[in-house]
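This is a predicted model, so every value here is computed, not measured. Below, read A as the first sequence line, B as the second, and so on, with proteins coming before strands; counting in each chain starts at 1.
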Amino acid sequence: MIQIYNSQTRRREDFVPLRAGKVGMYCCGPTVYDFFHIGNARPFIMFDVFRRYLQYRGYEVTFVQNFTDVDDKMIDRARREGVTVRELGDRFIAEYWKDANALGVKPADVHPRATEHMPQMIALIQGLIDKGMAYEQAGSVYFSTPDFPEYGKLSGQNLEDLDAGARVSVDEEKRNPLDFALWKAEKPGEPSWDSPWGRGRPGWHIECSAMSMAYLGEAFDIHAGGQDLLFPHHENELAQSEGFTGRPFVNYWMHNGFLNIDNTKMSKSLGNFFTVRDILKEYEPEDVRMLMLSAHYRSPLNFSRDMMAQAHASLTRLYTARDRLNALLVSAKPGKADGAGITEKVEEIRQRFLSGMDNDFNTAEAMGAVFDLAYLANTELDEGSGKEAVQTVLSTLAELTGVLGLLARGEESVPEDVQAVADRRAEARKNRDWAQSDALRAELARMGWLAEDTPQGQKLRRA
RNA sequence: GGCGCCAUAGCCAAGUGGUAAGGCGAAGGUCUGCAAAACCUUUACUCCCCAGUUCGAAUCUGGGUGGCGCCUCCA
């Protein structure tokens, strides 16, 4: 039984989907006004893994992740660059794909763009006005928080407390400081769309309500995003959606913790962020994934060069084990009985992986099982092992790391010039010319490659 | 002011009342021409502190201390 920590109830709950065997999942996507940073990558990677795991567990998952392609930041940047908001969106959606693909984040089933869902948003807003939960004021429409009595139930706050702490200067047009815009009246020079209230553009929160309901229905299973979205974004989404439909909107709210720099939140507004684009100039994309998976998704996670180095070293251990298994497969003996009980041990490890992941997607716990599998491979299998045993370990390793999106790289192809040096080194070794051999190894190192001598001969891997 | 989260070895980290997973690093050893990888051994008698509950607490309760987040665009 999969258990999920629900931010709304603040406890771990058994996961029971609305429709047996099917899961509807929505994850707040990026505002496409810039490259995304390494902190943004955390939910993309984690929820990608959770989706893979749900599929691995046999669920048919419909995964939706939006692109917010109109808002203040989009408008500002488009203006600065002298392009339209649409052009800016097109550009950074394309850049999103490059980084997401590099990180092994699979495309969602649907990637709706806010600007392409105006009719749905307008219908929602009109419905809220009709029900008396929203009001129009000078061409803008606001959600009336006092008219949704359950407002605050997601973030566990009540209107009075929020009121007292509100730092926002009261907008003259709002009846209540906590009311929020569903529709913003057109301003000169800003993109706008026709609506019953005149030209304007949607508020941020309504986008996600409209797009999630459009593809997942009025009620669905999982809504995910960063912890900072819990309030007000998700609170508002919930209010709008349930206000409109009169029924529960989302069954499980999931929120990932932050990726920190020096123990402080990384964010664009603080300027202490690294874009994924920049990180990937220096590190393997899978190292980033490994780092993310090494901690529980709700815990804060510090980002540093040292952490990246640790992640890289850990991952290398898994790659080494996999490559060795591949090599063993060649020499393994078909039909040899599994005297060591490999099959049972592998299944035991697989079960531990499952129980880790079932436990609110505890990737750190599951990772322990993956390393146990590597250990099993290193200690219990050798050239004399049965082919079936080797195959079992190898395929299970592929299966589990596949769920995590790791070990996606094949064996590395060696560039010709590197191979040429390696060949000369092999020759020197054959002649027992150790001085020459070591000199050539040093040369390979300068080229970024590590030469290792194994019983099967010289092996090369990227340093 | 309101609402939350976190504290486990040199670093990262799991642990959801029954006697501290795993990874990185470090030290010694096996193997190797030397390395690397792998393997073996060592690296938390103890989980921020103080009380309490319990036969039993890293885990539960209360009180401290320290750090972080949301309440404003934010993953």
With a non-hydrogen cut-off below 4.0 angstrom, is A/Asn302 in contact with a base, only sugar-phosphate, or nothing?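 The residue A/Asn302 makes no contact with any strand.
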
Once you apply a heavy-atom cut-off of 4.0 Å, does A/Gly39 come out as touching a base, just sugar-phosphate, or nothing?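 Result for A/Gly39 = base.
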
Indicate whether OP1 or OP2 belonging to [N] is found under 4.0 Å from a side-chain N or O atom of [X].
X	N	answer
A/Arg10	B/rG4	yes
A/Asn378	B/rA38	no
A/Arg317	B/rG23	yes
A/Arg298	B/rA13	no
A/Asn260	B/rC68	no
A/Lys265	B/rC70	yes

Whichever of A/Gln3 and A/Ser437 has its nearest RNA chain B nucleotide further upstream toward 5':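 This one resolves to A/Gln3.
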
Could you say whether A/Ser299 or A/Ile38 is positioned toward the 5' end of RNA chain B, judged by the nucleotide with the nearest heavy atom to each?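 That would be A/Ser299.
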
From A/Arg91, A/Met74, A/Arg113, residue fulfilling side-chain contact (heavy atoms from CB on, under 4.5 Å) relative to A/Arg86: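 It is A/Arg113; the other options fail the test.
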
Between A/Asp69, A/Asp72, A/Asp71, which is the residue that forms a salt bridge (Lys or Arg N to Asp or Glu O under 4.0 Å) with A/Arg201?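 So the option named by the test is A/Asp72.
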
Quick one: CD1 on A/Ile222 to CG on A/Asn251, what's the gap to the nearest 0.5 Å?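 One finds 9.5 Å between CD1 of A/Ile222 and CG of A/Asn251.
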
If we take the C1' atom in both B/rG69 and B/rC73, what is their distance in whole Å?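 My reading of the C1' atoms in B/rG69 and B/rC73 gives 16 Å.
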
Pick the P atom in B/rA13 and in B/rC48, then give their distance to the nearest Å.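 That atom pair is separated by 14 Å.
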
With respect to the side chain of A/Glu365, which nucleotide from B/rG23, B/rA14, B/rG33 is positioned closest?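 Of the candidates, B/rA14 comes closest.
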
Please give the nucleotide sitting opposite B/rC60 as a Watson-Crick or G-U wobble pair, both distances under 3.5 Å, or none.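 The answer is B/rG52, by the H-bond criterion.
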
Find out whether the Lys NZ or Arg CZ of A/Arg317 is both under 6.0 angstrom from the six-membered ring centre of A/Phe371 and within 45° of the ring's axis.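 A/Arg317 over A/Phe371 ring: no.
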
